[in-house]
Amino acid sequence: ILFVGSSSFTKWTDVQDYFPGYPIINRGFGGSSLPDVIRYADDVIFPYNPKQIVIYCGENDLAGDTSLYPSQVAKRFEELFNLIRSRYKKVPVIYISMKPSPSRESLMPKFNVANVMIKSFLRTKKKTKFIDVYHAMLNADGKPMPDIFIDDNLHMNAKGYKIWQQLIAPHLLK
């Protein structure tokens with residue numbers, strides 16, 4: 001099972017411990033945006049012949065260029081998805097929604113809209129799953145849970161990854 005995307009995967013160095021019994025290859029790379037994953041697909045996706053692909057990416061697109069619209073990020077995801085489907089017609093693809101974080105609170109409305117667009121796109125495709133971590137990481141007041149992040153208020157600690165693990169595990173292929 002291939003995990004690919006940005007630093008939220010890169011920093012999940014003990015991902016295998018969260019999913020015992022599943023063969024996980026983590027090819028996340030820090031700072032990556034969707035165009036980066038597309039550009040490096042021959043290095044981070046295609047050599048592995050995965051039986052399933054789990055993607056976390058898109059957040060850095062909006063953080064790196066605040067003039068981008070959520071629809072542009074959704075289109076970038078569609079391009080990545082279509083690239084994957086051009087090689088792997090039947091490999092299940094999971095997309096992990098963009099997460100809320102205290103350091104990017106101003107971008108949360110854009111993350112939410114892009115998430116909705118990507119979810120809508122995936123509903124039209126076979127062998128796909130959209131996993132909503134966004135809402136699972138919010139307090140009752142709609143703000144990101146502060147105790148699930150490390151000091152940078154962007155990346156998660158073990159408690160944050162536990163939330164992800166509980167949402168992802170039911171959808172991984174044995």
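This structure is a prediction, so every number in the text was calculated from the model and none was measured. Only this structure's heavy atoms are used, side chains among them; waters, hydrogens and symmetry mates stay out.
Annotation: K51, atom NZ; neighbour count of heavy atoms from other residues, nucleotides and ligands within 6.0 Å is above 12. At most 12 heavy atoms of other shown residues, nucleotides or ligands fall within 6.0 angstrom of atom CG in D151.
Residues forming a side chain to side chain donor-acceptor pair (under 3.5 Å) with R39 (at least two apart in sequence, or on another chain): D36. The ring-ring contact (aromatic ring centres under 6.0 Å, His included) search around F111 returns none, not counting sequence neighbours. Not counting sequence neighbours, Y134 has no partner by the ring-ring contact (aromatic ring centres under 6.0 Å, His included) test.
No hydrogens or angles considered: nothing links the side chains of K75 and Q72 as a donor-acceptor pair under 3.5 Å. Using modelled atom types, one finds a donor on one side chain and an acceptor on the other under 3.5 Å when comparing N60 with R104.
A salt bridge between D61 and K110 is absent, with no side-chain N of the basic residue lying under 4.0 Å from a carboxylate O of the acidic one. No salt bridge links E79 with R76; every basic N to acidic carboxylate O contact stays at or beyond 4.0 Å.
Cluster membership check: I25 shares its hydrophobic cluster with Y40, using side-chain heavy-atom separations under 4.5 Å among Ile, Leu, Val, Met, Phe, Trp and Tyr.
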Working note: F130 + F121, criterion ring pair (Phe, Tyr, Trp, His ring centres under 6.0 Å); need CA distance, chi angles, decisive distance, verdict. CA-CA 10 Å; F130 177 91; F121 169 76; over 10 Å; no
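Cation-pi geometry between K129 and Y95 is not met: the NZ or CZ atom fails to fall both under 6.0 Å from the ring centre and inside 45° of the normal.
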